[in-house]
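To keep things clear, I will list the structure first and then write my remarks on it.
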There are 2 protein chains.
Amino acid sequence: MRIMDTAERLIESTRELLWERGYVGTSPKAILERAGAGQGSMYHHFKGKPDLALAAVRRTVAEMRAEVDALLSAPGTARRRIAAYLGRERDALRGCPVGRLTMDPDIVASDELRAPVDELFDWLRHRLAEVVREGRARGELPATADPEQLAAAVAATVQGGYVLARAAGSAEPFDRAVEGILALLAAAGAA
Amino acid sequence: MRIMDTAERLIESTRELLWERGYVGTSPKAILERAGAGQGSMYHHFKGKPDLALAAVRRTVAEMRAEVDALLSAPGTARRRIAAYLGRERDALRGCPVGRLTMDPDIVASDELRAPVDELFDWLRHRLAEVVREGRARGELPATADPEQLAAAVAATVQGGYVLARAAGSAEPFDRAVEGILALLAAAGAA
DNA sequence: GTCTATATCTCGATAGAC
DNA sequence: GTCTATCGAGATATAGAC
């Protein structure tokens, strides 16, 4: 483990807790305990819980975007790159660290905290739509396919897959949903 | 508005708050204020917050299941009934009152509270799979389509559509995702 | 910069009057 | 059955020593 200064440890602890318990379910006290810091440190480096959460969310969003962009920009057919994105998940039961935040009332109520989440999913949908357009141009996907619609369906399948998996207490429904959308894309491509 | 006794008002207030703020974000105090009741009433009728939440969740799940079953059991082609389910939503920004609970750490951590959520989505996936099987038998969907996979993809599209909509602060991504999966089902059917 | 002490609320629950 | 009073604990933030 790299050596981290206090501000860094606070941000990392907050990222973990936001993922595990959400914004409403995460207390400054829990963050401090996990980071091994005292009250004073947190309020020295950050204005308060919302400010620290904002730093944590921004970092999680940046990391996610870089990872997904790498998959969608890799060489290969459009369908293969979409499949790579869909197959990215390793532990569906943990859910998406960004999508999770949309169910947090205090995140959605705050324009500042919602902004990075909004931007990520906006970027994701447009990036996926580009890939769909490339697939159409190469004849992998039918020219009638609306790129924005397919992109939204693919992104929704992943986010909804987490919901189904967490409800079931098993990753299986996530995997099924991913296989289902891939089968539909393949069938549509063959049409 | 029908006249409701105190226990009834407590359950209904809890249902609303669980939908709006989730389990972690809902306090007994908020429930009591909305229900217009005092502390004593709640602890007379229910053992505590988890017990009241369980009653609320069970009712929400039962209501949802009855509504969706009506749509999926109506006359019409398989694709038309799936479209009716996908088009059921009126206000995507509110999210799903059941799916929302899967992002609540205290719900997922409790076997008792998660059980009704699990059962609903389990039922939904199998009911959708039945409809897919009927569609296959009638030649509306290709015989190669795996019913369980398509069912999971359809259910995930709805749940993920809520995530995208709430991130965007707009119902549009939800609608796009629904149109996308419907277009794919239509294209696969034509294949 | 980091710590401990403190302040003020709220949480979730209990006690006991009526 | 419903109310108010009260409880111990935790949430979020501030104060001030070091």
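What you see is a predicted model; the values in this text were computed from it and never measured. Below, read A as the first sequence line, B as the second, and so on, with proteins coming before strands; counting in each chain starts at 1.
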Checklist entry - Does E12(B) reach the side chain of R9(B), with side-chain heavy atoms less than 4.5 Å apart? => result no

Checklist entry - V57(B) versus Y23(B): any side-chain heavy-atom pair under 4.5 Å? => result no

Rounded off to whole Å, could you give me the [atom1]-to-[atom2] distance for the [X] and [N] pair?
X	N	atom1	atom2	answer
M42(A)	dT14(D)	CE	C1'	12 Å
D51(B)	dA13(C)	CG	P	10 Å
K47(B)	dG12(C)	NZ	P	18 Å
E33(B)	dG12(C)	CD	C1'	14 Å
L32(B)	dG1(D)	CG	P	17 Å
K29(B)	dA9(D)	NZ	P	21 Å
D106(B)	dG12(C)	CG	C1'	13 Å
E8(A)	dG1(C)	CD	P	15 Å

Quick one: is [N] close enough that its OP1 or OP2 comes under 4.0 Å of any side-chain N or O from [X]?
X	N	result
T6(A)	dG1(C)	no
H44(B)	dC3(D)	no
S27(B)	dC11(C)	yes

Item to check | Pairing of E148(A) and R125(A) as salt bridge, 4.0 angstrom limit | outcome: no

Of the listed nucleotides [options], the one nearest the side chain of [X]:
X	options	answer
H45(A)	dT2(C), dG12(C), dA13(D)	dT2(C)
Y43(B)	dT12(D), dA13(C), dG1(C)	dA13(C)
K49(B)	dC3(D), dG12(C), dT10(C)	dG12(C)
Q39(B)	dT2(D), dT2(C), dA5(D)	dA5(D)

Item to check | Pi-cation contact, W19(B) with R100(B) (under 6.0 Å, within 45°) | outcome: no

Next on the checklist: Can a side-chain donor-acceptor contact be found between R21(B) and T26(B) if the only test is distance below 3.5 angstrom?
Outcome noted: no

Checklist outcome for this item: Nearest-nucleotide check on DNA chain C, G36(A) vs Y23(B); residue mapping nearer the 5' end is G36(A)

